[in-house]
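Written out below as structure tokens is the structure these notes cover.
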Amino acid sequence: MPELPEVETVKRALSRKVTGKNILNVESNFVKIVASPDFKIFKKNIIGKKIESLSRRGKFLLFHLNGNKIMISHLRMTGHWLVAPKIVKNKFIHLIFQLSGGQAMAYSDIRKFGRIWLIDTKELEKFKPILKLGPEPLGTEFNFEEFSQKLAKNRSRIKVVLLNQQVVAGLGNIYVDEVLYESGVRPLRPANRLKMAEKKQIFEVIRKILAKAIKFRGTTVVNFTTPEGKGGDFQKQLKVYGKKGHKCPRCKGEIKRIVVAGRGTHYCPKCQK
DNA sequence: ACTAGCCCCTGGGAGC
DNA sequence: TGCTCCCAGGGGCTAG
């Protein structure tokens with residue numbers, strides 16, 4: 001499931017392949033993927049546009065087009081982008097963009113949870129899904145004082161708080177479990193009862209793990225592949241996610257799996273206090 | 001203003 | 001082997 005490191009990996013790979021290309025045509029067999037505007041308008045407005053650059057905000061991928069347009073993509077669970085001279089169609093490919101230079105770019109999504117928007121540049125500051133996001137964890141705006149204060153005000157379990165994109169943008173289920181393991185904090189601890197040292201640890205581990213995961217080009221657990229069709233390599237670095245019944249790498253105790261806020265949650269009862 | 005729970009989707013694994 | 005059931009989960013939405 002694509003979280004910040006996976007979206008960053010997609011952004012970097014797509015940037016290399018599609019920057020400077022013009023969108024010649026777009027076809028869809030499942031127009032609901034485009035959340036807004038209506039697909040007819042989306043198509044009319046995007047044809048002829050040039051992809052000038054790509055960026056990322058949290059788990060959102062932004063295609064900056066000329067003519068002051070931005071195409072925004074959220075991959076949710078199983079979305080991914082492909083670039084190839086010819087896209088081999090299948091029932092999971094919902095959008096195909098014909099690009100200049102003989103390339104095509106496609107959006108594939110098995111579970112169809114992903115969404116795409118086309119907005120004017122000036123609408124970006126009013127675009128609620130991005131407007132609401134907390135700081136970028138790898139940016140300078142991610143500041144311990146603010147992070148600590150947000151936790152102090154929140155009685156929810158730390159796992160829930162870290163999944164909340166308004167607290168910090170980009171973490172999902174896999175990296176939250178890994179961050180809490182590495183920080184030695186149990187997922188069920190109420191955020192407002194964490195000691196300062198524990199919050200500091202979590203703050204630093206978030207940055208450390210995300211940066212490392214980007215180096216490994218993300219985690220391939222279920223359906224994530226880069227636009228080259230390669231998986232990431234971070235799954236070899238996972239310590240607890242999906243490791244129920246395995247030995248804890250630190251204490252050799254057993255990794256447990258519980259459900260927190262409807263999410264599978266993995267932790268070591270001995271190492272995480 | 002907040003939160004809990006539902007909903008969107010389909011492949012794959014478990015159970016029989 | 002083949003069927004059914006249920007789980008995976010990000011985030012928007014609704015009800016309370």
Side-chain angles (χ1 to χ4, degrees), chain A residues 1-11 28-37 39 56-62 72-81 89-95 107-117 119 126-134 136-137 149-180 187-188 190-192 206 210 213 218-225 231-232 235 238 240-245 255-267:
Chain A
M1 40 229 80
E3 305 178 28
L4 188 153
E6 290 74 32
V7 180
E8 179 65 25
T9 300
V10 170
K11 184 204 85 182
S28 175
N29 67 354
F30 186 75
V31 296
K32 238 181 107 178
I33 288 291
V34 179
S36 86
F39 183 72
R56 180 192 57 73
R57 178 76 175 95
K59 301 175 198 171
F60 290 86
L61 185 62
L62 286 77
I72 302 173
S73 160
H74 195 299
L75 304 170
R76 295 277 177 89
M77 304 303 298
T78 53
H80 62 267
W81 286 93
K89 287 186 188 179
N90 65 48
K91 62 176 177 171
F92 305 127
I93 291 181
H94 307 304
L95 284 173
Y107 179 75
S108 163
D109 196 336
I110 292 173
R111 290 168 68 183
K112 302 177 176 171
F113 278 9
R115 288 294 176 267
I116 288 169
W117 299 260
I119 63 167
K126 292 177 290 180
F127 185 73
K128 273 198 191 148
I130 289 183
L131 188 67
K132 290 192 305 188
L133 294 178
E136 277 298 314
Q149 283 168 21
K150 276 184 189 169
L151 266 51
K153 281 188 284 187
N154 201 320
R155 285 174 294 176
S156 302
R157 293 159 174 175
I158 186 62
K159 162 110 186 191
V160 174
V161 175
L162 295 180
L163 284 173
N164 182 344
Q165 302 299 297
Q166 300 180 42
V167 174
V168 50
L171 291 172
N173 204 38
I174 296 174
Y175 293 106
V176 168
D177 280 6
E178 293 299 313
V179 163
L180 290 176
L188 293 175
N192 64 343
I206 287 172
L210 291 179
T219 301
T220 303
V221 173
V222 188
N223 291 288
F224 173 69
T225 55
Q235 65 277 10
L238 296 176
V240 289
Y241 182 82
K243 304 283 186 190
K244 177 189 171 187
I255 303 296
K256 289 267 185 263
R257 181 185 182 279
I258 56 174
V259 175
V260 181
R263 306 289 196 280
T265 298
H266 314 75
Y267 73 106

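When reading the values below, keep in mind they use all heavy atoms of this one structure, side chains included, and skip hydrogens, waters and symmetry mates. So you know, we letter chains A, B, ... as the sequences are listed, proteins then strands, and number each from 1.
- Using a 4.5 Å cut-off on side-chain heavy atoms (C-beta onward), A:Leu151 and A:Ile158 make contact.
- Summarising the geometry, the separation between CZ on A:Arg115 and P on C:dG12 is reported as 11 Å, rounded to the nearest angstrom.
- Counting heavy atoms from C-beta outward, A:Phe60 and A:Trp117 have side chains that approach closer than 4.5 Å.
- One atom, CZ of A:Arg111, and another, P of C:dG10, lie 10 Å apart when rounded to the nearest Å.
- Rounded to 10°, the angle separating the first-five-pair axis and the last-five-pair axis of the helix from B:dC2-C:dG16 to B:dC16-C:dG2 equals 50°.
- If you measure from atom CG of A:Leu163 to atom P of C:dG10, you get 6 Å, rounded to the nearest angstrom.
- Nucleotide C:dG10 holds its P atom 20 Å from the CD1 atom of A:Ile72, rounded to whole Å.
- Here the range on DNA chain B touched by chain A, meaning any atom under 4.0 Å from one of its heavy atoms, is B:dC8 to B:dG11.
- Rounded to an integer number of Å, the gap from OH of A:Tyr175 to C1' of C:dG10 is 15 Å.
- As a whole-Å value, the separation of A:Arg57 CZ from C:dG10 P is 18 Å.
- Contact annotation: A:Gln165 does not reach the phosphate of C:dG10 (side-chain N/O to OP1 or OP2, under 4.0 Å).
- Nearest heavy-atom pair, A:Tyr241 versus A:Glu178, reported as atom, atom and distance to 0.1 Å: N-OE2, 2.8 Å.
- Of all the heavy atoms in A:Pro2 and A:Val7, the pair that sits closest is CB-CG2, 4.3 Å.
- Across all strands shown, A:Glu3 has no heavy atoms under 4.0 Å from either base or sugar-phosphate atoms.
- Salt bridge annotation for A:Arg57-A:Glu136: present, with a cationic side-chain nitrogen under 4.0 angstrom from a carboxylate oxygen.
- Of the side-chain N and O atoms in A:Lys59, one or more sit less than 4.0 angstrom from OP1 or OP2 of C:dG11.
- Rounded to an integer number of Å, the gap from A:Leu4 CG to C:dG11 C1' is 16 Å.
- The only member of A:His74, A:Arg76, A:Glu6, A:Glu8 that meets side-chain contact (heavy atoms from CB on, under 4.5 Å) when paired with A:Lys59 is A:His74.
- Residue contacts shown for A:Lys91 are limited to sugar-phosphate atoms, with no base heavy atom under 4.0 Å away.
- If you take CH2 of A:Trp117 and P of C:dG11, they are 9 Å apart, rounded to a whole angstrom.
- Looking only at side-chain heavy atoms (C-beta outward), A:Ile206 and A:Tyr175 stay at 4.5 Å or farther from each other.
- The minimum heavy-atom distance linking A:Ala169 with A:Pro137 is given by the pair O-CD, 2.9 Å.
- In this structure, A:Arg263 reaches the C:dG10 phosphate: one of its side-chain N or O atoms is under 4.0 Å from OP1 or OP2.
- Within the 4.5 Å cutoff, the side chain of A:Asp109 has no heavy atoms near those of the A:Leu75 side chain.
- A sub-4.0 Å separation between OP1 or OP2 of C:dG11 and a side-chain N or O of A:His74 is present.
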